[in-house]
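Heads up: the structure comes next, in structure tokens.
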Amino acid sequence: MMADDWSLSSWRSKPIKQQPPYPEESKEVLKDVISQISQMPPIVHHGEVDRLKADIAAAGRGEKLILHGGDCAERFQDCTSTMIENKLRILLQMSLVFTWQAHIPVVRILRGAGQFAKPRSSNYETVDGKQVPSFRGDNVNGFDISERTPDPNRLMRAFFHSSTTCNYIRALLGGGFASLQYPHAWNLDFIRREDVRGDYNSILAELDHGLGFLRAARVLDTTPGVNTVDINISHEGLVLDYEEALTKKVGTEYYNLGSHFLWIGDRTRQLDGAHIEYFRGIANPIGIKCGPTLGGDELSELLLRLNPANEEGKITLITRYGSDKIAQKLPEHIEAVKRSGAKVTWVSDAVHGNTYTTDNGFKTRNVSNILAEIQQSCEIHQASGTVFGGVHLEMTGENVTECVGGSSELQHEELSQDYVTFCDPRLNYTQSLDIAFQMSNFLRERQQLSRSDANKKRKLVN
Ligand code: PEP
Ligand code: CO
């Protein structure tokens, strides 16, 4: 429920971080563009937003698993049929692995169809020895150094690229793309480790066999919803002029209808800041990035401010500490949430805390650190009696070379071969599948542990 002292523009009176430094002469253009965007039809429907909130609540209870993934910085140039199909394909294939291996339904949230804005630690960066304004995402300025001046017209382009992407995803799903993702179409060619390829192939053969049974028994053709899946879209809610323009009153509530799900970045979660002010008034399910610098008390206050009614499914805590810090920080955050009695869904962003730069200047991540953070997250939640609700990943359906390791054993020396990200390094197609297969093992172990705990309890009762 919306607070009495909130309005669509109340964030404007609060201190704000990470907004595009538009030149004075483009301020009128900004107003004009924002006014045009606010007249546009929504990209998503509020009924879909409510459905996602219910799904996130289910993931918070351990009944579903969230798979939240996509680019760090989505690029306008990637708004092509092939790129969108590849993004969707990897999410669908990973979902099949989770559901087959760990027997859990998956809630898919694409980090995309609007993931353009990027927070930056500095207003300037050095490119080829020259100081230039930092790249803040395709909706603000261009990656090419000749286009670094922020241009408000890019917000309109962002709107159209988001809608076009979302439209094609809807068309693909409506046309049966999901049911084409059966195991025989998977590409395991980039796996260098023969033993792993063998393991994956046998799992896929079993999965194909299971799906064959469902088809023969006519379950696949006749059960409503089995051949189609939901995909939700999401982005970091960063440029508040844009977010405000896409926020609409529906009944007594305000929904951001530019996306199903939005999250607050680790750099814009100040209690009295503009972002928290904007986010506390919208009805969408929202994420809060929780990094190592977030204190337990601060987290409790954020939860109270953002979800005073303690609505289930409203808040997802996206924890991102790094595999070397999670053991200390996650228990602290879990304790704070327990003390506050807040209902939250825990998701592990296992990428942002595991980024490092190689000697020759490539920002990268190692698949084994990412897996280590996911595994620890599962174990810590298991030991704390809380629920591991899913994973948040920067990933792509392409065979890029941005992260190292995994079953393709990508080496540091190979990063330069196809390093195309505009921001953080993404897991490639094969590395994303690795995460799905390996993570399913932790989830199975968790289920076995829960089952043996339940059996022990039953024995005690008997
Ligand atoms: C991101 O998700 O790309 C990001 C900038 O993360 P964080 O806010 O957690 O640093
Ligand atoms: Co990132």
Side-chain angles (χ1 to χ4, degrees), residues 16-20 66-75 78 87 109-123 125 134-140 143 158 233-240 243 259 261-270 273-276 278-279 286-294 298-299 302 306 315-323 325-326 329-330 333 346-357 362-366 369-370 373-374 377 390-396 400 402-403 419-428 431-432 435:
I16 191 158
K17 290 204 190 298
Q18 298 287 345
Q19 299 310 285
I66 294 174
L67 171 60
H68 190 183
D71 299 315
C72 178
E74 194 178 2
R75 313 181 303 177
D78 294 343
K87 284 178 200 187
I109 310 178
L110 174 70
R111 217 189 119 105
Q115 176 45 25
F116 298 115
K118 295 311 302 171
R120 300 309 304 260
S121 37
S122 161
N123 278 338
E125 62 190 340
S134 295
F135 173 63
R136 289 181 172 273
D138 262 355
N139 61 352
V140 175
F143 189 66
I233 60 169
S234 74
H235 63 261
E236 176 173 347
L238 191 70
V239 179
L240 291 186
E243 303 306 343
S259 188
F261 181 91
L262 295 112
W263 72 90
I264 306 165
D266 202 36
R267 278 168 256 207
T268 47
R269 56 167 162 73
Q270 300 75 23
H275 288 83
I276 298 302
Y278 167 75
F279 271 87
I286 60 177
I288 310 173
K289 286 291 197 93
C290 301
T293 59
L294 176 66
E298 205 181 344
L299 175 56
L302 277 174
L306 291 165
I315 305 279
T316 300
L317 295 182
I318 309 174
T319 62
R320 35 89 77 225
Y321 312 112
S323 60
K325 298 196 187 75
I326 184 173
K329 288 305 297 191
L330 180 56
H333 287 164
W346 294 96
V347 163
S348 172
D349 166 350
V351 289
H352 282 93
N354 293 309
T355 318
Y356 62 93
T357 304
F362 286 102
K363 230 191 200 187
T364 191
R365 295 163 174 156
N366 192 317
N369 294 334
I370 295 170
E373 181 155 357
I374 298 173
S377 184
V391 71
H392 179 114
L393 299 167
E394 286 181 345
M395 48 178 264
T396 169
V400 298
E402 297 171 7
C403 291
Y419 192 96
V420 290
T421 179
F422 277 5
C423 200
D424 289 337
R426 301 158 300 170
L427 296 162
N428 63 22
Q431 292 166 331
S432 302
I435 300 285

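All ligand and atom numbering here is 1-based and tracks the order in the structure.
In this structure, a donor-acceptor pair under 3.5 Å is present between the side chains of His333 and Tyr321.
Between Phe422 and Phe143, the ring planes are parallel. Angles under 30° get that label, and only those over 60° would be called perpendicular.
With sequence neighbours left out, the salt bridge (Lys or Arg N to Asp or Glu O under 4.0 Å) criterion links Arg267 to no other residue. Every residue two or more places apart in sequence or in another chain that forms a side-chain contact (heavy atoms from CB on, under 4.5 Å) with Glu298 is listed here: Arg269, Leu294. Residues passing the side-chain contact (heavy atoms from CB on, under 4.5 Å) test with Ser134, sequence neighbours excluded: Arg120, Glu125.
Taking a cutoff of 4.0 Å between a charged side-chain nitrogen and a carboxylate oxygen, Asp71 and Lys87 qualify as a salt bridge.
Looking at Asp424, its N, O or S atom nearest to the Co ion (ligand 2) turns out to be OD2. Between the Co ion (ligand 2) and the N, O or S atoms of Glu394, the shortest distance is to OE2.
In summary, Cys72 places an N/O/S atom under 2.8 Å from the Co ion (ligand 2), meeting the contact criterion.
The main-chain N or O of Pro425 is never found under 3.5 Å from a side-chain atom of Glu402 such that the two would form a donor-acceptor pair.
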Give every pair formed by an N or O atom of ligand 1 and a protein N or O atom closer than 3.5 Å, one pair per line with both atom names and the distance to 0.1 Å, or write none.
residue: ligand 1; atom: 2 (O); partner: Arg111; partner atom: NH1; Å: 2.8
residue: ligand 1; atom: 2 (O); partner: Arg111; partner atom: NH2; Å: 3.3
residue: ligand 1; atom: 2 (O); partner: Lys289; partner atom: NZ; Å: 2.7
residue: ligand 1; atom: 2 (O); partner: His352; partner atom: NE2; Å: 3.4
residue: ligand 1; atom: 3 (O); partner: Arg111; partner atom: NH2; Å: 2.9
residue: ligand 1; atom: 3 (O); partner: Lys118; partner atom: NZ; Å: 2.8
residue: ligand 1; atom: 3 (O); partner: His352; partner atom: NE2; Å: 2.9
residue: ligand 1; atom: 3 (O); partner: Glu394; partner atom: OE2; Å: 3.0
residue: ligand 1; atom: 6 (O); partner: Lys289; partner atom: NZ; Å: 2.9
residue: ligand 1; atom: 8 (O); partner: Asp266; partner atom: N; Å: 2.9
residue: ligand 1; atom: 9 (O); partner: Lys289; partner atom: NZ; Å: 2.8
residue: ligand 1; atom: 9 (O); partner: Arg320; partner atom: NE; Å: 2.6
residue: ligand 1; atom: 10 (O); partner: Arg320; partner atom: NH2; Å: 2.9

